[in-house]
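Everything below concerns the one structure shown next.
Bear in mind that the values here come from a model prediction, so they are computed numbers and not experimental data.
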Amino acid sequence: DAKTTQPPSMDCAEGRAANLPCNHSTISGNEYVYWYRQIHSQGPQYIIHGLKNNETNEMASLIITEDRKSSTLILPHATLRDTAVYYCIVRVAFTGGGNKLTFGTGTQLKVEL
Amino acid sequence: KAGVTQTPRYLIKTRGQQVTLSCSPISGHRSVSWYQQTPGQGLQFLFEYFSETQRNKGNFPGRFSGRQFSNSRSEMNVSTLELGDSALYLCASSMDRVETQYFGPGTRLLVL
């Protein structure tokens with residue numbers, strides 16, 4: 001799986017958009033970009049994933065650059081409950097690649113009043 | 001739909017003992033993966049089971065083992081516990097081997 005690079009920490013004011021960057025410059029054409037978050041001592045929570053196109057769901061938006069070497073997770077209106085460690089992960093998209101997520105150290109997002 | 005459930009949620013054991021942790025996947029999910037999370041090593045993949053067979057294994061000693069039953073429920077076992085096995089053990093399930101994994105709340109194991 002491709003390696004990802006994320007800033008160790010970020011701050012965001014409540015109500016503002018939180019933009020979390022991720023670099024995955026060695027990503028392959030058959031690898032998805034996944035985002036999970038982990039609130040202290042809980043299991044990771046799935047947020048969103050994408051292959052080439054930008055994606056949006058009820059939680060967040062995922063913007064993937066055209067060359068797929070980086071992406072940004074956008075939480076449009078951050079709340080205090082969004083304070084968590086956010087993990088950007090790339091994983092293969094075919095069965096033979098194995099069902100395994102490789103977690104890095106993630107970004108600690110702190111949302112403040 | 002109920003999420004992934006793990007039992008027990010908390011466990012205290014002493015060195016040398018063995019422990020069995022249980023995971024019930026989301027209904028209809030056939031792939032179950034296990035992860036270990038420690039402050040020093042972060043989140044690390046242990047193994048994956050699909051159709052009652054181990055399909056993928058991380059870099060852990062043979063003391064860590066698992067199995068999956070015909071109803072997709074899974075157990076993992078750690079024998080001869082060491083202090084360093086103290087961790088949050090997470091189970092994740094997915095419909096098949098290429099679909100999104102959803103995590104349970106974890107079992108926190110403390111080895112004294």
Side-chain angles (χ1 to χ4, degrees), chain A residues 1-9 22 28-53 55-60 62 71 73 84-108, chain B residues 3-6 9-10 21 23-26 29-51 53-60 68 72 74 86-110:
Chain A
D1 292 347
K3 184 180 167 61
T4 62
T5 305
Q6 300 177 252
S9 64
C22 179
S28 301
N30 61 1
E31 289 180 314
Y32 281 96
V33 179
Y34 271 79
W35 284 83
Y36 285 81
R37 72 181 182 184
Q38 189 175 28
I39 296 168
H40 183 63
S41 292
Q42 298 180 21
Q45 177 188 24
Y46 164 75
I47 301 173
I48 198 167
H49 74 282
L51 187 64
K52 283 191 269 193
N53 301 319
E55 301 288 344
T56 295
N57 63 20
E58 64 279 2
M59 286 184 69
L62 174 60
S71 61
L73 178 74
V85 178
Y86 287 77
Y87 295 98
C88 168
I89 300 164
V90 294
R91 59 161 292 191
V92 294
F94 59 92
T95 303
N99 196 4
K100 166 188 170 183
L101 298 175
T102 301
F103 286 82
T105 52
T107 295
Q108 171 68 63
Chain B
V4 177
T5 58
Q6 293 186 246
R9 292 293 311 280
Y10 303 93
L21 311 181
C23 171
S24 293
I26 292 171
H29 285 196
R30 298 191 297 158
S31 173
V32 174
S33 297
W34 289 88
Y35 296 81
Q36 181 198 64
Q37 186 173 28
T38 61
Q41 299 297 318
L43 259 157
Q44 293 184 288
F45 172 79
L46 277 157
F47 30 64
E48 177 215 354
Y49 284 87
F50 180 79
S51 292
T53 302
Q54 188 180 91
R55 303 287 180 161
N56 212 351
K57 190 178 192 304
N59 189 25
F60 280 83
Q68 186 180 34
S72 295
S74 177
S86 295
L88 180 66
Y89 289 88
L90 293 155
C91 165
S93 75
S94 59
M95 198 166 294
D96 61 31
R97 302 192 67 213
V98 296
E99 295 296 326
T100 299
Q101 290 184 37
Y102 295 90
F103 284 81
T107 293
R108 186 162 293 282
L109 172 65
L110 177 61

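Chosen from Glu99(B), Arg55(B), Gln6(B), the residue pairing most often with chain A at heavy-atom distances under 4.5 Å is Glu99(B). Interface check for chain A: of the options Gly3(B), Pro105(B), Gly106(B), the most heavy-atom pairs under 4.5 Å are formed by Pro105(B).
Heavy-atom distances place the side chain of Tyr35(B), and not its backbone, under 4.5 Å from chain A. For chain A, the nearby parts of Leu43(B) are the backbone and the side chain; heavy atoms of each come within less than 4.5 Å. Contact of Gln45(A) with chain B is not made at all, since no heavy-atom distance falls under 4.5 Å.
At most 12 non-hydrogen atoms from other residues, nucleotides or ligands lie less than 6.0 angstrom from CE of Met95(B).
Expressed to the nearest 0.5 Å, how far CD1 of Ile48(A) lies from OG1 of Thr100(B) amounts to 10.5 Å. Here NZ of Lys100(A) is found 10.0 Å from CD of Gln44(B). Values are rounded to the nearest 0.5 Å. The CG atom of Leu90(B) sits 11.5 Å away from atom CG of Leu101(A), with the distance rounded to the nearest 0.5 Å.
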Begin with the C-alpha distance, continue with both residues' side-chain angles, and end with the deciding distance and a verdict on side chain to side chain contact (heavy atoms under 4.5 Å, CB included) for Gln38(A) and Leu88(B). CA-CA 12 Å; Gln38(A) 189 175 28; Leu88(B) 180 66; 4.2 Å; yes

